[in-house]
Amino acid sequence: MILRTLFSRLFAHLDGPLVGLLALLLLLGSSVVYSASGESPAKMASHFLNLSVALSAMLLVSHIPPQRLMQFALPAYAVGLILLLGVALFGIVVNGSRRWLELGVTRIQPSELMRLAVPMMLAWYLHYKQETLRGRDFLVAGLLLALPVGFIAKQPDLGTSLLITASGFYVLFLGGLSWKIIVGAAVTAGSALPVAWNYLLHDYQRGRVLTLIDPSSDPLGAGYHIIQSTIAVGSGGVAGKGWMAGTQTHLDFLPERSTDFIFAVYSEEFGLIGNLFLLLLYAAIIWRGLLLASGAPSLFGRLFAGAIVLTFATYAFVNMGMVSGILPVVGVPLPLVSYGGTSMVTVLVGFGIVMSLVTHKKLVKT
Amino acid sequence: MSGLRLINPEVEFLRYRRRMEIAGGVAALLFLTLFSRFVWLQIIQYDHYHALAENNRISLVPAPPSRGVIYDRQGEVLAQNFSAYTLEITPDKAGKLEATLDQLGEVVSIDAGDRKRFKRLLAESKNFESIPIRNRLTEEEVARFTVNRYRFPGIEVKARLFRQYPYGEIFSHVVGYIGRIGQHDLDRLGASEQLANYRGTDHIGKLGIEASYEAWLHGRTGIEKVETDSSGRAVRLLSRSAPVSGHNLYLHLDARLQQVAEKVFGDYRGALVALDPRNGGVLALVSKPGFDPNLFVDGIDSATWRELNDAHERPLINRALRGVYPPGSTLKPFMGLAGLELGVRKPGDTIADPGYFTLSGSSHRYRDWKKDGHGMVDLKKSITISCDTYYYGLAHQMGIEHMAGFLTQFGFGQKSGVDLDGELAGLMPTPEWKQRRFKQPWWPGETVIAGIGQGYVLSTPMQLAVATMAIANDGVVYKPQLIRAWRDPASGLMSYAAPRILRRIPLKPEFLRLVKEAMVDVTLPGGTAAVAGANAPYLFAGKTGTAQVVGIRQGEKYDEHRVAARNRDHALFIAFAPADAPKIVLAVMVENGGHGGSTAAPVARKVIDYWLLGKLPTVYAPSEPGATPPDEEAEDAGPADETVRPVLEGVAQ
């Protein structure tokens with residue numbers, strides 16, 4: 001009896017359907033990682049370690065009451081910003097971009113922290129201002145968004161900066177950002193594109209876009225990833241080649257096949273039917289997530305949870321689009337499928353937050 | 001709108017829901033986009049991507065067949081394969097070639113010749129093909145390279161089959177050689193749709209049997225379907241069609257006979273063709289000087305090649321098939337038969353030979369080689385002592401058209417059809433030919449000198465041998481063939497080449513007997529080859545000939561001591577033996593050898609002695625010191641009393 005109580009207390013803040021869907025996705029993901037890693041037991045062990053860490057984090061975070069989270073928003077954002085400043089000043093250059101900060105014992109990538117800190121900050125800000133919300137507040141929020149994004153874009157890490165922009169934008173959008181501003185910003189961005197192309201983008205970034213348009217222009221260099229992943233996806237056909245039987249995967253033609261390009265492995269082995277299943281699974285998670293988010297009792301909860309779910313959707317879309325050759329190659333893992341601890345922890349902590357925000361109803365008064 | 005907005009939580013929440021629905025809708029739309037992209041890739045474009053994936057995965061590796069072995073009639077190996085290690089570079093993967101070669105040179109020895117050959121091959125090949133830099137590595141070198149292999153990407157040790165010719169120079173022109181496939185060969189292979197069968201093969205027959213029987217010797221290339229990973233390593237064998245080795249060829253040639261024939265030439269240039277009159281089989285085919293065919297297998301370096309090609313002895317030319325010479329007096333037995341068969345002469349008809357012949361209405365004297373003439377000469381004597389005057393008159397009486405018509409039956413002016421490439425046809429002139437060639441009428445005097453095998457008449461040693469076979473065989477002419485049998489590699493069955501009769505020349509037996517007797521008399525005392533024929537324990541039929549190299553003006557005497565060695569006459573001899581049941585037919589040509597009786601006939605005698613008696617010659621030099629040649633025919637020349645010793649080019653010049 002005591003054990004049962006303990007269990008129900010432990011899982012009190014989890015949402016059954018969402019956890020079920022996530023578990024299904026994680027299971028599917030693990031089977032793909034198993035195939036992509038070439039049945040490597042070491043890799044599977046570390047994958048399951050990541051998994052348990054991430055799930056524990058999710059469980060832990062689900063217990064944090066929203067008020068406490070709101071208290072974290074400003075400090076987390078501030079610390080993140082300081083770290084980004086540190087990166088800009090003392091960061092380590094890896095593969096031509098300055099993303100890491102050496103902290104003696106370990107090195108961290110502050111932009112990862114900002115993936116959650118920025119939407120949290122914006123949600124907190126709009127929540128804080130909700131009684132007196134006006135256009136000026138959105139301007140301030142925009143600046144709060146632009147500052148870290150600017151730092152990250154400068155590293156340069158275009159992918160992360162765009163995805164953080166997106167998550168911040170989702171907060172503002174859900175928070176009621178005026179359509180005029182949205183359209184105006186879109187027009188401005190569109191007209192600024194040629195300028196950005198010529199002056200702001202680095203050569204390798206331009207190269208990625210050009211390679212997307214014509215992968216065969218550089219078949220052994222940048223185009224190789226796209227060509228091989230597109231071949232993997234296409235050759236999967238309707239039914240796929242079967243689990244563990246993808247030739248592109250197992251004969252080493254697919255690069256980064258257990259991380260960013262894992263979707264190519266899945267697609268090759270499970271075909272269109274598998275892809276449809278995965279899309280539906282993602283859609284179900286997003287559906288459930290958005291449903292939960294809209295039920296959050298506070299504006300902070302609604303905005304933050306909504307942004308987390310939409311960002312999750314964005315990651316999934318961008319990754320699958322990139323692997324199937326309709327988006328440029330940006331370093332985005334397929335959420336909850338790709339091998340890799342950081343991404344898994346970030347995503348599951350996000351869902352932990354979502355569940356925390358919506359299950360602590362009774363304790364919060366708005 | 002400034003100032004505070006009144007917050008209505010209800011309105012606020014509805015707006016949130018609407019925004020949420022929009023966001024959800026956009027997400028759904030984007031997922032639909034993804035799904036349509038998957039449909040495009042996985043259904044509509046499936047075939048394309050499936051093919052690309054298969055291309056990635058499967059590579060077809062040719063398994064070259066091993067080339068057929070060439071044997072002589074006794075089973076002696078004339079051309080064989082051996083396996084050796086080569087060091088090969090794929091330029092695409094090897095980085096900076098010069099630096100790589102320098103470093104490689106520290107591990108295995110690479111000399112200037114290797115580098116030169118490599119550069120030439122590099123220029124001829126594509127960058128992704130692997131090109132040999134060193135052939136025939138020793139075991140030690142292989143080991144040394146293997147240890148250092150990590151330093152040399154794109155360089156590999158490969159086991160390859162090499163061709164080897166154990167007899168070297170002896171069979172250079174007959175067996176020929178193989179060399180690396182060049183553009184010309186590729187074009188030819190492409191035209192005969194054989195390119196696929198040559199994937200993985202880099203050598204092809206260039207000369208001799210190796211070239212003419214290329215299709216049989218090469219075999220069929222097998223294909224291994226291999227699954228490879230992205231770095232090109234073979235992961236597993238999917239399927240394999242085994243290569244089928246080429247046919248092993250068994251030739252009529254006899255290696256020992258060929259060796260004897262080659263040796264008895266001494267230092268002379270020349271050619272010898274020995275045929276088996278019973279089936280046309282080529283028993284020996286010599287062209288001197290030869291060259292070492294093994295030089296060509298690895299890719300001959302240009303200096304050596306130039307040396308061979310430019311040498312004034314022209315070792316690369318197969319004189320037996322491509323050397324055209326005036327047949328000289330060796331034409332006389334055929335002319336004699338022509339006279340008899342065409343009814344121009346009867347066996348008993350005699351002429352008085354004053355030592356020259358004149359055409360009526362002309363003062364020009366066509367001189368006999370014997371200044372004072374041979375006296376009364378009938379057909380038999382005309383052959384035995386090689387009387388020129390008899391044939392001047394005979395040719396004139398017969399007329400060039402009849403003469404050409406009759407002699408063509410013996411193969412003069414035609415390719416013999418021997419199974420080697422590059423044979424020349426020689427020339428049997430006619431007035432029509434001269435009109436076409438020179439736009440000039442035929443002069444009667446040209447018929448006169450054609451009667452003794454001079455003037456426009458040209459023949460190859462092979463043609464002379466075939467014509468001689470016609471006499472030896474009573475008119476039956478077989479196509480000369482090198483191939484005797486071949487073994488099918490798949491079934492192991494031996495097939496034998498059938499003798500092919502080219503023609504049966506209708507000849508009266510009594511005329512044939514007369515000419516044959518006369519040819520036997522040639523090698524008996526009193527004949528022009530009496531010394532060479534001395535004490536032959538078999539009936540040795542032959543005919544000497546001397547082909548003039550430079551024209552001698554009227555009234556001038558041919559003094560062989562004053563004539564530079566290069567302008568000395570070519571010595572010829574045709575023969576068959578035993579005359580009553582011929583087993584071998586010979587045509588011998590010794591370039592600048594002087595007299596047929598003294599240089600060419602001894603060569604023939606030694607070859608026949610070996611073939612019929614198994615007797616190896618004790619002395620190989622064509623002219624035995626102390627042997628006095630009999631009176632010799634040499635057109636427009638006085639009698640030669642002294643022994644002609646072989647003159648070495650170097651000494652003479």
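Convention: sequence-line order gives letters A, B, ...; per-chain numbering from 1.
- Among residue pairs with one or both ends in residues 50-66 of chain B, those qualifying as salt bridge (Lys or Arg N to Asp or Glu O under 4.0 Å) are B:Glu54-B:Arg57, B:Arg57-B:Glu227; sequence neighbours excluded.
- Residues A:Leu279 and B:Leu32 are not in side-chain contact: their nearest non-hydrogen atoms beyond the backbone lie 4.5 Å or more apart.
- Looking only at distances, no side-chain donor or acceptor of A:Arg302 sits under 3.5 Å from a matching main-chain atom of B:Tyr16.
- Ranked by heavy-atom pairs under 4.5 Å with chain B, the list A:Ala316, A:Gly175, A:Gly271, A:Ala232 is led by A:Gly271.
- Looking at B:Asn56 and A:Leu251, their side chains never come closer than 4.5 Å, going by heavy atoms from C-beta outward.
- If you measure heavy-atom distances from B:Val39 to chain A, the contacts under 4.5 Å come from both the backbone and the side chain.
- Contacts of A:Leu272 with chain B are made by both backbone and side-chain atoms, with heavy-atom separations under 4.5 Å.
- Of the two parts of A:Leu310, only the side chain, counted from C-beta on, holds a non-hydrogen atom closer than 4.5 Å to a non-hydrogen atom of chain B.
- Using bins of under 30°, 30° to 60° and over 60° for the plane-to-plane angle, the ring pair A:Tyr282/B:Phe31 lands in the perpendicular bin.
- Each of A:Val238, A:Ile273, A:Asn275 was scored for a side chain to side chain contact (heavy atoms under 4.5 Å, CB included) with B:Gln42, with one residue passing: A:Asn275.
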Run the side-chain contact (heavy atoms from CB on, under 4.5 Å) check on A:Leu291 and B:Met20 step by step: do they pass? CA-CA 9 Å; A:Leu291 209 62; B:Met20 192 66 104; over 6 Å; no
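- Of the atoms belonging to A:Ser267, heavy atoms from both backbone and side chain fall under 4.5 Å from chain B.
- B:Ile44 does not touch chain A: none of its heavy atoms, backbone or side chain, sits under 4.5 Å away.
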Test side-chain contact (heavy atoms from CB on, under 4.5 Å) on B:Leu41 and A:Thr230 and set out the steps. CA-CA 8 Å; B:Leu41 291 178; A:Thr230 314; 3.6 Å; yes
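- Judged by distance alone, with hydrogens and angles left aside, the side-chain atoms of B:Arg19 form a donor-acceptor pair with the main-chain N or O of A:Leu177 at under 3.5 Å.
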